[in-house]
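Working notes, structure below.
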Amino acid sequence: MKPDTPIGFYLCGIISAAFCAATVAAQFSLSPVGGESPGRLAVRGLSMLLVPLAAVVTEALWRARPWAYRASVTLAVVYASTLAAAAVATRGTEMMGSVLLWMFGSTVVVVPMLGYIHARTEQLWPRGRVPARAAWAVRAP
């Protein structure tokens, strides 16, 4: 039996959906500053990887999937990697300060959310208890 979705999962899902929409909007509003260097193209490519990941995390949180925490951690790691790549690509420019500010500022939001998602996931699906399989996936003896 599927557990009821906690209200916190809904709130985290809304934040994930807003992040997905903001990432898409940022891609359309970015204009090449000083041309498109290979580093900037890599950062744009990595940031577009965030869009489907954020959509998957939103669905996992909204429907209280057992793998919601793992999906959230994956999104957080790719997001941190994107910010690190942006810091390397913009080093020596005036944008590096804002990239570092985003990196440290987002940890204030992301780390507590991951802690909450992990705690609630452990409560809903304790370790050692495998979630019930679908009826069609159970083999007959």
Quick one: closest heavy-atom pair of [X] and [Y], and the distance?
X: Cys20; Y: Ala55; result: SG-N, 4.4 Å
X: Tyr69; Y: Ile117; result: CA-CG2, 3.7 Å
X: Gly8; Y: Tyr116; result: CA-OH, 3.2 Å
X: Tyr79; Y: Ser106; result: CE2-OG, 3.4 Å
X: Ala60; Y: Trp67; result: CB-CZ3, 3.3 Å

Nearest 0.5 Å please: distance from the [atom1] atom of [X] over to the [atom2] atom of [Y].
X: Leu114; Y: Thr107; atom1: CG; atom2: OG1; value: 11.0 Å
X: Thr82; Y: Leu50; atom1: OG1; atom2: CG; value: 4.5 Å
X: His118; Y: Met113; atom1: NE2; atom2: CE; value: 15.5 Å

Could you tell me if the side chain of Phe9 sits less than 4.5 Å from the side chain of Thr121, heavy atoms only? yes
Please say which of Val110, Val57, Thr58 ends up in a side-chain contact (heavy atoms from CB on, under 4.5 Å) with Leu75. Val57
Hey, any chance [X] and [Y] share a hydrophobic cluster, counting ILVMFWY side chains that come within less than 4.5 Å of each other, even indirectly?
X: Val109; Y: Met103; result: no
X: Val111; Y: Phe104; result: no
X: Phe19; Y: Val77; result: yes

Using the ring of each side chain (for Trp, its six-membered ring), is Tyr10 parallel, tilted or perpendicular to Trp62, with breaks at 30° and 60°?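 It falls in the perpendicular class, over 60°.
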For the side chain of Ser16 and the backbone of Ala54, is there at least one donor-acceptor N/O pair under 3.5 Å apart? yes
